Amino acid sequence: MTRVFPEGFVWGSATASYQIEGGATEDGRGPSIWDTYSHTPGRTLNGDTGDVAADHYHRWAEDLGHIAELGLAAYRFSISWPRVQPGGCGAFNRAGLDFYSRLVDGLLERGVRPVATMYHWDLPQELEDAGGWPARDTALRFRDYAAGIVEALGDRVHTWTTFNEPWCSAYLGYGSGVHAPGRAEPAGALAAVHHLNLAHGLAGRVVRELAPAAELSVTLNLHVVRPASGSAADADAVRRIDALANRAFLGPLLDGAYPADLLADTAKVTDWSFVHDGDERTIAVPLDVLGVNYYSTTLVRAWDGVSARSDNDGHGSSAHTPWIGADDVDFLPQPGPYTAMGWNIEPAGLTELLLRLHREHPGLPLMITENGAAFDDVVTPDGRVHDDRRLDYLYRHVDAVGAAMDAGADVRGYFVWSLLDNFEWAWGYDRRFGIIRVDYDTQERIWKDSAHWYRGLATTGRLEPPAPA
Ligand code: PNW
């Protein structure tokens with residue numbers, strides 16, 4: 001069935017600085033926690049680093065050409081903090097600011113709306129050395145960084161997004177340690193949650209002051225958490241994971257307070273005294289739009305402490321659980337099919353998530369800021385990539401967005417993750433999410449079938465079932 005999206009629905013694609021730019025030591029860029037982490041043996045698959053990545057730092061003009069050719073209305077990129085302010089405080093680096101200024105102007109010249117994320121995980125190493133996100137000072141440094149980039153790019157940026165997936169920064173960076181900086185400190189992870197929220201509020205107020213015409217947003221990877229059974233114990237497992245994953249952010253951001261059950265569940269780990277008077281008010285700066293990243297669902301049950309536990313953290317990884325204060329929650333494997341990340345494919349979860357947000361926060365516009373899939377792509381002898389499974393994944397998830405809109409959700413746009421194959425964090429270059437393939441030997445870009453298909457969607461707003469191969 002053909003589905004027609006409203007006029008003005010924004011079709012875009014997303015990337016992140018460390019994942020695509022390369023140029024890691026050029027023009028005054030300082031080291032970030034991901035440089036340090038990826039250069040530490042054993043941290044990333046095959047020892048991959050973002051030193052070169054997709055070489056976007058040099059090929060940005062060509063990449064803008066692809067964005068325009070795809071007919072996209074918007075491009076979501078992130079600004080590398082250590083490129084524009086190498087030490088994380090003090091002087092700004094003119095060459096770094098100029099890079100993003102050229103990128104923004106290039107987008108505007110092509111009629112593409114710039115959506116800039118201030119922080120997609122590349123914290124300046126010097127700030128990590130001073131304590132990182134568990135330290136309150138990092139939030140204050142972030143406010144100054146935000147002021148510098150908003151002053152430089154201001155209203156040329158259509159939408160300022162403070163953070164990408166603070167869940168990952170806090171819990172994977174400081175809880176399980178599978179992301180940079182690789183610390184496993186339960187209390188530190190919860191302090192990081194708060195300081196990321198606080199930094200959002202401080203930076204949001206900077207945007208309001210310095211770029212009043214720009215839209216303000218934040219992007220969360222909200223979890224669709226489902227119970228393994230109808231038991232009360234499983235319902236409580238869902239409640240606890242929902243508190244840690246979702247309400248730890250939604251609460252202060254949208255309702256002005258941390259949920260009481262979250263504080264109670266984690267009381268053995270921390271007393272939350274890092275939350276100062278007035279912080280929650282600062283955090284609750286009104287948003288113009290909430291960014292939602294969606295890939296998969298999460299299935300949990302209460303663990304009895306005796307039976308065998310699934311070796312799973314709910315994200316296809318068997319790493320030490322990032323779920324602080326929820327040691328007796330078990331994450332269960334879910335029915336397939338799966339992507340190359342091991343994540344189950346469940347488009348209905350996206351509809352469910354959007355309708356929950358619509359119900360709980362009516363009047364808050366939503367934007368899908370990431371959705372996409374990694375698969376083991378093959379280049380055929382004709383030089384093409386017939387990525388049917390990615391295409392099917394995208395089709396079904398865009399359809400799920402449409403279904404949520406039919407039921408009343410106010411969704412303004414959709415950004416595919418990702419424009420290009422890129423450095424997939426701990427998985428290095430082994431996992432490919434792009435709709436455009438990157439040959440890492442030659443840096444050649446090749447449109448996959450999904451890119452050709454997405455161009456049709458973006459230019460017509462009509463979602464057609466993929467043609468059979
Ligand atoms: C998001 N998890 O990362 C990020 O915003 C992107 O940079 C990334 O490339 C993309 O999704 C695909 O992974 C996530 O373990 C990384 O739940 C890990 C998780 C979720 C999102």
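Order of appearance sets the numbers: ligands from 1, and atoms from 1 within every ligand. Hydrogens, waters and symmetry mates play no part in the numbers below; they use all other heavy atoms, side chains included. Along the sequence shown, residues are numbered consecutively beginning with 1. Note that the structure is a prediction, hence the values are computed from the model and not measured.
- Neither the backbone nor the side chain of Phe423 comes within 4.0 Å of ligand 1, counting heavy atoms alone.
- Arg76 pairs in a side chain to side chain donor-acceptor pair (under 3.5 Å) with only one of the listed residues (Thr159, Asn164, Thr369, Thr161), which is Asn164.
- At least one N or O atom of Trp425, backbone or side chain, sits closer than 3.5 Å to an N or O atom of ligand 1.
- A donor and an acceptor atom, one from each side chain of His58 and Glu26, are located under 3.5 Å apart.
- Nearest heavy-atom pair across Ser418 and Ala14 is OG-O, 2.8 Å.
- Under a 4.0 Å heavy-atom criterion, Trp343 is in contact with ligand 1.
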Assess the residue pair Ser78 and Tyr18 against the criterion (side chain to side chain donor-acceptor pair (under 3.5 Å)); give the C-alpha distance rounded to whole Å, side-chain angles, the decisive distance to 0.1 Å, and a yes or no.
CA-CA 9 Å; Ser78 82; Tyr18 191 71; over 6 Å; no
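- Close N/O approach between His179 and ligand 1 is not found [any backbone or side-chain N/O within under 3.5 Å].
- Using a 4.0 Å cut-off between heavy atoms, Asn164 contacts ligand 1 through its side chain alone, with no backbone atom that close.
- Judged by the 6.0 Å and 45° rule, Arg83 forms a cation-pi pair with Tyr57.
- Atoms of ligand 1 lying under 4.0 Å from any heavy atom of Glu165, numbered from 1 in the order shown and given with element: 1 (C), 3 (O), 4 (C), 5 (O), 14 (C), 20 (C), 21 (C).
- Less than 4.0 angstrom separates some heavy atom of Tyr295 from each of these atoms of ligand 1: 10 (C), 11 (O), 12 (C).
- Scanning for salt bridge (charged side-chain N to carboxylate O under 4.0 Å, His left out) contacts around Asp377 gives Arg390, Lys448, with sequence neighbours left out.
- Inclusion of Gln19 in the set of residues having an N or O under 3.5 Å from an N or O of ligand 1 is warranted.
- Using a 4.0 angstrom heavy-atom cutoff, His120 counts as in contact with ligand 1.
- Between Trp167 and ligand 1, a contact under 3.5 Å exists for no N or O pair.
- A heavy-atom separation below 4.0 Å is not found between Trp427 and ligand 1.
- Taking the six-membered ring wherever Trp is involved, the centroid distance between the rings of Trp272 and Tyr258 falls below 6.0 Å.
- Look at Asp392 and Arg389 and you find no salt bridge, because none of the NZ, NE, NH1 or NH2 atoms lies under 4.0 Å from a carboxylate O.
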